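Please find one structure pasted underneath; my questions will follow.
The shown structure was predicted, so the numbers you read here are calculated from the model rather than taken from an experiment. Below, chain A is the first sequence line, B the second, and so on; all start at residue 1. Worth knowing before you read on, the calculation uses all heavy atoms, side chains too, and leaves out hydrogens, waters and symmetry mates.
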There are 2 protein chains.
Amino acid sequence: MSNVQLIMTCSNLRKHPRSLNVGPNKMVNALNDEPDLRQVLRDAGLRVTPQRASIITILSETDDHPNVEELYEKVRALDDTISVATVYRTMSVLENVGLVRKLVLDDAPARYEMMPPTNHDHLVDLESGELVEIPGTDIADVMNRVASELGYEIVSHHTVIRARKR
Amino acid sequence: MSNVQLIMTCSNLRKHPRSLNVGPNKMVNALNDEPDLRQVLRDAGLRVTPQRASIITILSETDDHPNVEELYEKVRALDDTISVATVYRTMSVLENVGLVRKLVLDDAPARYEMMPPTNHDHLVDLESGELVEIPGTDIADVMNRVASELGYEIVSHHTVIRARKR
DNA sequence: TGACATTTGCGAATAATTCGCATTAACAGA
DNA sequence: TCTGTTAATGCGAATTATTCGCAAATGTCA
């Protein structure tokens, strides 16, 4: 009996500036390549610091969903003076601004991903801890309807499905 | 701009023994009234302790979704020697056995509720911290299809919707 | 370039939850 | 009903993720 957690998330709150096409081995600064991202920060009255740039760069290059500790280790390759507290603070800032999405899992530190330009969901295998992206579903439609009936406009949603292999 | 978290959960994993019809002011022991519940524990090779009985009693009488601290305070009325650790341990046990559901919220301690006999979802108002139940939706159908395509059988699911008043 | 509010780094502080362990007690079998 | 086995409890200490306070550093805008 294998235990699995299916995590589905979608977001339609704001237009994603532009998807980052940074090659996996190009250690470039995402914010330098993406003036749009700089502007997102500035528009929110926030400063574009090298720490924030490094974090976004790393996050843009990863296709998994790192937690703060993993992020911190990777970012240190770009900036070996950055502190964990800054990573925490930055993730919070980026989340508020809408550049990253926070995935709150049970019994594990929060994970993060860049805001995806396309809706997609997630599947977490609890045994391996692996978090896999799966194609988006039309769950969003149902949710939109439900939220709409309550007078709300969905900003984002996050579904956790616990399932058993059949 | 009011911020709201809509939490939707459903469960279809196992037949709920029987819904508890304990009156709001009847300070009775739920496990004594509900031999089914005792059996659920025994079937899992677990012992029916007074602590577990008290916790289930309190949880059955509440229509909100208490966290461990709130639960602990209320349970102390029935058993003033119970410890917080026991409440934590018991909630974990009851969750594994399928008697309660754990609601993991962001930036707040986990909340719990008795496994509902009928599907229902939740709405959390972040400002007030209030967690309101809303009628179940057919999201479950969509999820079942998605999970089914992946070869999984849904045990439970948990959706968090962040929405903004329109 | 200079003023100044933001942001950072550091380490200490919090908060939720778990753990270790000696003691207690549930319950299956005699 | 009594008893032995073994799970469960209570206590407080330990862990873990995250936040906070504050002085020093640094983006940003005039």
(request) To the nearest Å, give me how far apart CG (B/L78) and P (D/dT9) are. (result) 15 Å
(request) Mind calculating the distance between CG (A/D106) and C1' (C/dA16) to the nearest angstrom? (result) 12 Å
(request) Nearest whole angstrom, please: distance from the C1' of D/dG12 to the OH of B/Y72. (result) 13 Å
(message) I'd like to know if the side chain of B/T86 and the backbone of B/I82 have a donor-acceptor N/O pair within less than 3.5 Å.
(response) no
(request) With axes from five pairs an end, tell me the bend angle of the helix from C/dT1-D/dA30 to C/dA30-D/dT1, nearest 10°. (result) 40°
(message) Less than 4.5 Å apart, side chain to side chain, heavy atoms only: is that true for B/L59 and B/M114?
(response) yes
(request) Please tell me if the side chains of A/L71 and A/K74 come closer than 4.5 Å, counting only heavy atoms from C-beta onward. (result) no
(message) I'd like to know if the side chain of B/D80 reaches the main chain of B/R76, judged simply by a donor and an acceptor atom lying under 3.5 Å from each other, with no hydrogens or angles considered.
(response) no
(request) Name the closest nucleotide to the A/T81 side chain, picking from C/dG9, C/dT17, D/dT18. (result) C/dG9
(request) Measure the distance from CG on B/L71 to P on C/dA16 and round it to the nearest whole Å. (result) 15 Å
(request) I would like to know whether B/T62 and B/D64 meet side-chain hydrogen bond (donor to acceptor under 3.5 Å, both in side chains); could you show each step before the answer? (result) CA-CA 5 Å; B/T62 357; B/D64 59 351; 4.5 Å; no
(message) What I'd like to find out is whether the side chain of A/L41 reaches to under 4.5 Å of the side chain of A/L37, using heavy atoms alone.
(response) no
(request) Look at the side chain of A/E70 and the backbone N and O of A/N67, then say whether any donor-acceptor pair between them is shorter than 3.5 Å. (result) yes
(request) Taking B/R111 for its side chain and B/L105 for its backbone only, find out whether a donor-acceptor pair lies under 3.5 Å. (result) no
(request) Write down the distance between CE (B/M91) and P (C/dA16), rounded to a whole number of angstrom. (result) 16 Å
(message) On the nucleotide D/dG10, are OP1 or OP2 found under 4.0 Å from the side-chain N or O atoms that B/T86 carries?
(response) yes
(message) Just the rounded figure in Å: distance from P of C/dT7 to CG of A/N96.
(response) 12 Å
(message) Base contacts versus sugar-phosphate-only contacts with protein, heavy atoms under 4.0 Å: please encode nucleotides 18-30 of chain C as B, S and - from 5' to 3'.
(response) BBB----BBS---
(request) Whole angstrom is fine here: how far is it from CG in A/L41 over to C1' in C/dT8? (result) 16 Å
(message) Between C1' on D/dG10 and CG on B/D79, what's the gap in Å once rounded to a whole number?
(response) 11 Å
(message) List the residues meeting side chain to side chain contact (heavy atoms under 4.5 Å, CB included) with A/Y112, not counting sequence neighbours, and say none if there are none.
(response) A/V68, A/M91, A/V100, A/K102, A/A110
